[in-house]
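Worksheet: the structure to be examined is printed underneath.
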Amino acid sequence: MKRAFTSIATGREKIILFGLFFSLAIFNFAKSEAKEFERNKDVQFLGIESYRDVDIANWAENVKFRPEVVFLPKTKNDLITIVNDAAKHGKRITIIGKGHSWNPLMEGSDYLVSTINLNKVWLNSEDNTVTVESGATIKQVDEIIEPQGYVVSCNIVGTTDITYGGIMATGSHGSGRDCPTMSDYIEEIEFIRSDGRVEVVSEASHGSQIMNAARLNLGLFGIMYKIKFRVEKSFNAEVIDQRVPLEELFKVLPDYLQYNQNVELLWFPFSPEVVIKSWNRTAESKREGSLGSRIETRLTKSMVYGSATRPIIKFIMKHFPNSVPSLTKTLSKGLFPNAHYIVGVNQAIHYVNEAVAYPINETEVAVPYDFDDLGSVKMGWDAMIKAVYDNAARGHHPLNIVVHMRFLKSSNAILSPAYRNKRTCYMDYGSYYQTPGWLELVNEIWSTWKYIPGVRLHWAKDMRAYKDLDIHRMYGAENVRDFLKVRNYFDPSGMFANDFIRGLFEI
Ligand SMILES: Cc1cc2nc3c(=O)[nH]c(=O)nc-3n(C[C@H](O)[C@H](O)[C@H](O)COP(=O)(O)OP(=O)(O)OC[C@H]3O[C@@H](n4cnc5c(N)ncnc54)[C@H](O)[C@@H]3O)c2cc1C
């Protein structure tokens, strides 16, 4: 593998970038990042706040569409009204939370139901569960449960601005040796079915087969109105961020995985080191890291995420894509220095919350592994690193932000990429959105990934980039059949299946 590549931007490019950085710094280009519906076209269709003829884009802007009506319901009755009207007029329904998925599950041309106004939260401390309306975000739930001493300890990592409806429907996951995926924490889901009936599903009422299909439902079983899931008492985490030489990674990784509750790997293109983040539960009090590491992180964070500098970095990323790796490599050193500290577990989990400021393309698979057999993990890792250096040798930089790995247990959700594994490694990589060569990169890495035994794609990430996907083979023909049988029970009319799903599942 070619490792000699050191300088990405040419000398001239560097001077231009340097000049740009400082000349643009005097302007403040900051503008709202939120993709709001255009508020000037609202109607009160069916007595519900709604919008006609508005263009919808997801966060990464890789899914764009124009539904006939966008509904913003506020109550369960609103949801029932929408479904009954759709049934009467033969309309299809798709659902959107915060639109942070890359897969076009929300895409549709009839009715789009947004859950952003459905965000009530109830903590049930007598049985350590929380019940949420499906549009409640991680942040909104934490604001209620944290002050009362509770936490969602295996929660997703990347952002707190996503809904539990979206998290559960796509089988999203966090990280942790003993963690299942988020969908596995569900105790009960209240669905609005395509016939307008309300059906509350739990293992006790419907049995494990139906429940394990409903946990990760891709929005195909109806609209989830409420979700009840397990939480636990909050605790502190002792975090160690360690930079290790790239060549050493697979020598030290087995011990890291065996002896730590939580391990994540981050590699920023062309860095000679990998960041290994690990944490364990501790009874000790919170303790800050060294002064040096704190100053380094704070300064870099304010530069990367500050409202004045962020637009400049975005400008550079958009117009000088070949210099993105130099930026990432340099800035990531400041963001992730060696450090040792104790924080509340939520802080340990959501350590990259600000990253949502930079839209990226991302794709992800899960592969099975065990402590004494990291063959599949290494195969997946090497394919990503090799793609970075091979492309650089050709003068391309389609993988320019991060290579990332997380280590979990397994899942009981029938369509989960972690379904019934002993242990699961989720591996992903991401580039700044609209980076040239992304689709070619995905297929280049897939040409190796597809041979990893048990490899399965994560439903939240874009699957359209992959050619000739055989869903039945990937998730198991029997599992897909069982899933579709349960889906047919909830939605016999196919109201909730969009064209993307119909093509993928051949329904
Ligand atoms: C910055 C960032 C960080 C991320 N980090 C992680 C991570 O650490 N781990 C991980 O696994 N994933 C991660 N993701 C992916 C994310 O968890 C999923 O894409 C999740 O679905 C996003 O939630 P959302 O509210 O944006 O859902 P949306 O993208 O709006 O919705 C996705 C789909 O879920 C279904 N759905 C949503 N609500 C309902 C409902 N009420 N009823 C029925 N179906 C519904 C619909 O089919 C909908 O189209 C990340 C994404 C981003 C952008």
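Note that this is a predicted model, so its numbers are computed, not measured. For ligands, and for the atoms within them, numbers begin at 1 and follow the listed sequence.
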Legend entry - Minimum non-hydrogen distance to atom 41 (N) of ligand 1, winning option of Ala136, Ser101, Ser134, Pro417: Ser134

Inset, instruction - Can you figure out which of Ile162, Asn353, Val352 has its heavy atom closest to atom 23 (O) of ligand 1? - result: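 Nearest heavy atom to atom 23 (O) of ligand 1 lies in Ile162.
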
Is there a heavy atom of [X] sitting under 4.0 angstrom from any atom of ligand 1?
X      : answer
Pro359 : no
Arg406 : yes
Phe221 : no

Would you say [X] has any N or O atom under 3.5 Å from an N or O of ligand 1, going by distance alone?
X      : value
Ile95  : yes
Gly166 : yes
Ile223 : no
His458 : yes
Thr159 : no

Inset, instruction - Answer yes or no for Arg215 and Phe229: cation-pi contact, defined as NZ/CZ to six-membered ring centre under 6.0 Å and angle to ring axis within 45°. - result: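 Because its charged atom misses either the 6.0 Å distance or the 45° angle limit, Arg215 does not stack over Phe229.
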
Inset, instruction - Evaluate the criterion side chain to side chain donor-acceptor pair (under 3.5 Å) for residue pair Glu133 and Tyr225; output intermediate values, then yes/no. - result: CA-CA 6 Å; Glu133 286 187 331; Tyr225 166 56; 2.6 Å; yes

Legend entry - ligand 1-proximal atoms of Trp102, by part, heavy-atom distance under 4.0 Å: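 It is the side chain that touches ligand 1; the backbone stays farther off.
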
Inset, instruction - Give the numbers and elements of all ligand 1 atoms closer than 4.0 Å to a heavy atom of Gly97. - result: 25 (O), 28 (P), 30 (O), 31 (O)

Legend entry - Shortest protein contact, atom 9 (N) of ligand 1 (heavy atom only): His173 O, 2.8 Å

Legend entry - side chain to side chain contact (heavy atoms under 4.5 Å, CB included) partners of Ser302, counting only residues at least two apart: none

Inset, instruction - Apply the salt bridge (charged side-chain N to carboxylate O under 4.0 Å, His left out) test between Glu187 and each candidate in Arg230, Lys228, Lys226; give the one that qualifies. - result: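 Of the listed residues Arg230, Lys228, Lys226, the salt bridge (charged side-chain N to carboxylate O under 4.0 Å, His left out) partner of Glu187 is Arg230.
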
